[in-house]
Trainee: 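Pasting in a structure now, in structure tokens, and then I'll have a few things to ask.
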Amino acid sequence: MKVVVLTGAGISAESGIPTFRGAEGLWEGHRVEEIATPTAFQKNPELVHQFYNARRRHLLQDHILPNAAHTALADYEATHDDEFLLITQNVDNLHFVAGSQNILPMHGQLMEAKCTETDKVIPWHLDLTPHTPDPETPSRRGRLRPNVVWFGEMPYGMDKIRRAAQNADLFLAIGTSAVVYPAAGIVQQTPKNCRRVEINLDATPQSEVFTETIRGLASIEVPKFLKRLQSEETI
């Protein structure tokens, strides 16, 4: 059974990571257009860096840990004997910390920096500023940005995502609002005979497309569903 999983902000919210979109979507009175677009970075790189530095520091706090949903996905993948792809819209590293292996962070990773000249990606856990030197070429400064996909940019791995979706036997969407495209359209790319399962606190605009909808916390419902799935596979 070929399994494709899509996770969104809801799975990480239970680990203490605020959702980017929502009632508190503003950061110190700034709109998304001022802090999460290429234009914003060109106009005010210092402000953009401040925003992502704060998010990175928050993620590095000792109490920010994977929850039971992250762990259950990693455990399921470790015992699954067919294709498995975990697509995440989240820029945190919790799936990696939990031990998942075949992960595609379609919106990038907060714990990485990217050179605006070469597109080279490097691990990065420190603050960034408009004057941060390139580790390989210290004389070159201000070329590093967070390796996150901003509004107006193309998410990573779309060809791989499309191929995986088109061949999926099971598509599992967890904690995603199903309003942000192209992620929201992945379920539409799955075959007619694909089992489509949505686990979310509330109904979403895509809920009626799924064959099964489960309402509840990811940390509770994901382990329960995967345990049931494993039982079905061994019959």
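Because only heavy atoms are used, hydrogens play no part in the values below, and waters and symmetry mates are left out as well, while side chains stay in.
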Trainee: Would Glu212 and Arg195 pass as an ion pair if we require N to O under 4.0 Å?
Mentor: yes
Trainee: With rounding to the nearest 0.5 angstrom, report the CG to CD distance, Leu226 to Glu221.
Mentor: 11.0 Å
Trainee: Given Ile11, which of Asp92, Leu73, Ile199 fulfils the side chain to side chain contact (heavy atoms under 4.5 Å, CB included) condition?
Mentor: Leu73
Trainee: Could you tell me which non-hydrogen atom of Val4 sits nearest to which non-hydrogen atom of Ala168, and how far apart they are?
Mentor: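 Distance-wise, the nearest heavy atoms are CG2-CB, 3.8 Å.
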Trainee: Of all the heavy-atom pairs spanning Ser100 and Leu86, show the shortest one and how long it is.
Mentor: OG-CD2, 3.6 Å
Trainee: Just checking, is any N or O donor in the side chain of Ser12 or Ser15 under 3.5 Å from an acceptor N or O on the other one?
Mentor: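 Ser15 and Ser12 do not have a side-chain donor-acceptor pair below 3.5 Å.
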Trainee: Using 0.5 Å steps for rounding, measure from the CG atom of Asn90 to the CG atom of Leu59.
Mentor: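 Between atom CG of Asn90 and atom CG of Leu59 there are 10.5 Å.
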Trainee: How about Val197 and Phe171: do any of their side-chain heavy atoms sit closer than 4.5 Å?
Mentor: no
Trainee: Determine whether Val5 and Glu77 make a side-chain contact, defined as any pair of heavy atoms from C-beta on separated by less than 4.5 Å.
Mentor: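 Answer no - side chains too far apart.
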Trainee: Taking atom types as modelled, find out whether Thr88 and Thr7 have a side-chain donor-acceptor pair closer than 3.5 angstrom.
Mentor: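 Yes, Thr7 and Thr88 have a side-chain donor paired with an acceptor closer than 3.5 Å.
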Trainee: Grab the two heavy atoms, one from Asp134 and one from Leu144, that are nearest each other, plus how far apart they are.
Mentor: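 Shortest heavy-atom separation between Asp134 and Leu144 comes out as CA-CD1, 4.4 Å.
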Trainee: Under the criterion side-chain contact (heavy atoms from CB on, under 4.5 Å), I'd like the reasoning laid out for Phe96 against Gln109: C-alpha separation, chi angles, the key distance, then a yes or no.
Mentor: CA-CA 11 Å; Phe96 292 92; Gln109 278 288 288; 3.5 Å; yes
Trainee: Mind checking whether Val48 and Val148 sit in one hydrophobic cluster, side chains of I, L, V, M, F, W, Y counted as touching below 4.5 Å?
Mentor: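 They do share one cluster, since a chain of ILVMFWY contacts under 4.5 Å joins Val48 to Val148.
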Trainee: Is any side-chain heavy atom of Lys114 closer than 4.5 Å to a side-chain heavy atom of Pro146?
Mentor: no
Trainee: Evaluate the criterion side-chain contact (heavy atoms from CB on, under 4.5 Å) for residue pair Trp124 and Glu112; output intermediate values, then yes/no.
Mentor: CA-CA 5 Å; Trp124 196 270; Glu112 294 175 343; 5.6 Å; no
Trainee: I need the Gln230 CD to Asp75 CG distance, nearest 0.5 Å.
Mentor: 8.0 Å
Trainee: Using 0.5 Å steps for rounding, measure from the NE2 atom of His107 to the CD1 atom of Ile87.
Mentor: 10.5 Å
Trainee: Please round to the nearest 0.5 Å and tell me the distance separating atom CG of Asn147 and atom CG of Leu110.
Mentor: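 The distance works out to 9.5 Å.
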Trainee: So how far is it from Met1 CE to Glu232 CD, rounded to the nearest 0.5 Å?
Mentor: 8.0 Å
Trainee: Say whether, by atom type as modelled, one donor and one acceptor occur between the side chain of Thr211 and the main chain of Arg196 under 3.5 angstrom.
Mentor: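 Present.
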Trainee: Do Thr132 and Arg141 have side-chain N/O donor and acceptor atoms under 3.5 Å apart?
Mentor: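 Thr132 vs Arg141: no donor-acceptor pair found between side chains.
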Trainee: Assess whether a salt bridge exists between Glu117 and Arg140, defined as any Lys/Arg side-chain N lying under 4.0 Å from an Asp/Glu carboxylate O.
Mentor: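 Yes.
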Trainee: Give a yes or no on whether a salt bridge exists between Arg143 and Glu136, defined as a side-chain N under 4.0 angstrom from a carboxylate O.
Mentor: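 So Arg143 does not pair with Glu136 through a salt bridge.
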Trainee: Provide the closest heavy-atom pair for Pro138 versus Pro133 in the form atom of the first, atom of the second, distance.
Mentor: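 Shortest heavy-atom separation between Pro138 and Pro133 comes out as O-CB, 3.4 Å.
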Trainee: Looking only at the side chains, is there a donor atom on one of Gln89 and Thr176 sitting less than 3.5 Å from an acceptor on the other?
Mentor: yes
Trainee: Are Val91 and Leu104 linked, directly or through other ILVMFWY residues, by side chains that come within less than 4.5 angstrom of each other?
Mentor: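 No, Val91 does not connect to Leu104 through the hydrophobic network.
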Trainee: Evaluate side-chain hydrogen bond (donor to acceptor under 3.5 Å, both in side chains) for Gln166 paired with Thr190, printing each intermediate quantity in order.
Mentor: CA-CA 5 Å; Gln166 290 175 346; Thr190 58; over 6 Å; no
Trainee: According to the interplanar angle, ranging from 0 to 90°, do the rings of Tyr52 and Trp150 count as parallel (below 30°), tilted (30 to 60°) or perpendicular (above 60°)?
Mentor: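 The arrangement is tilted - the two ring planes meet at 30° to 60°.
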Trainee: Take atom CD in Gln61; do more than 12 heavy atoms of anything else shown fall under 6.0 Å from it?
Mentor: yes
Trainee: Could you go through Val3 and Leu172, starting from their C-alpha distance and side-chain angles, then the distance that decides it, and tell me whether this counts as side-chain contact (heavy atoms from CB on, under 4.5 Å)?
Mentor: CA-CA 8 Å; Val3 178; Leu172 176 60; 5.5 Å; no
Trainee: Taking a hydrophobic cluster as the set of Ile, Leu, Val, Met, Phe, Trp and Tyr residues connected by side-chain heavy atoms closer than 4.5 Å, whether directly or through intermediates, do Met154 and Met106 fall within one such cluster?
Mentor: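 Linked within one cluster.
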Trainee: Determine whether Leu201 and Ile220 fall in the same hydrophobic cluster, where Ile, Leu, Val, Met, Phe, Trp and Tyr are linked whenever their side-chain heavy atoms lie under 4.5 Å apart.
Mentor: yes
Trainee: Quick check: are there more than 12 heavy atoms from other residues, nucleotides or ligands sitting under 6.0 Å from CD of Glu33?
Mentor: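 Counting neighbours around CD of Glu33, more than 12 heavy atoms of other residues, nucleotides or ligands fall under 6.0 Å, so yes.
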Trainee: Please report the closest heavy-atom contact between His49 and Pro130, naming both atoms and the distance.
Mentor: CD2-N, 3.6 Å
Trainee: Could you tell me whether Glu198 and Arg215 have a side-chain N and a carboxylate O separated by less than 4.0 Å?
Mentor: yes
Trainee: So Leu128 and Arg56, do their side chains get closer than 4.5 Å, heavy atoms only?
Mentor: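 Contact flag for Arg56/Leu128 side chains = yes.
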Trainee: Is the shortest distance from a Lys or Arg side-chain nitrogen in Asp127 or Arg57 to a carboxylate oxygen in the other one below 4.0 Å?
Mentor: yes
Trainee: Decide yes or no for Gln189 and Val187: does some side-chain heavy atom of the first lie under 4.5 Å from some side-chain heavy atom of the second?
Mentor: no
Trainee: Hey, are the side chains of Ile174 and Leu6 touching, using non-hydrogen atoms and a 4.5 Å cut-off?
Mentor: no
Trainee: Checking Leu60 against His58 for the side-chain contact (heavy atoms from CB on, under 4.5 Å) test, could you report, in this order, the C-alpha distance in whole Å, the side-chain angles of both residues, the deciding distance, and whether it holds?
Mentor: CA-CA 5 Å; Leu60 286 167; His58 180 76; over 6 Å; no
Trainee: Is the side chain of Thr118 donor-acceptor paired with the backbone N or O of Lys120 at a distance under 3.5 Å, no angle test?
Mentor: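 Yes, Thr118 side chain to Lys120 backbone: donor-acceptor pair under 3.5 Å.
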Trainee: What's the shortest heavy-atom distance between Ala68 and Pro223, and which atoms?
Mentor: O-CG, 3.7 Å
Trainee: Please tell me whether Met111 and Ile122 are part of a single hydrophobic cluster in this structure, the criterion being side-chain heavy atoms less than 4.5 Å apart.
Mentor: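 They do not share one cluster, since no chain of ILVMFWY contacts under 4.5 Å joins Met111 to Ile122.
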Trainee: Taking the six-membered ring for Trp, are His70 and His95 parallel (under 30°), tilted (30 to 60°) or perpendicular (over 60°)?
Mentor: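 It falls in the perpendicular class, over 60°.
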Trainee: Answer yes or no: is there a side-chain heavy-atom contact under 4.5 Å between Ile35 and Phe41?
Mentor: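 Contact flag for Ile35/Phe41 side chains = no.
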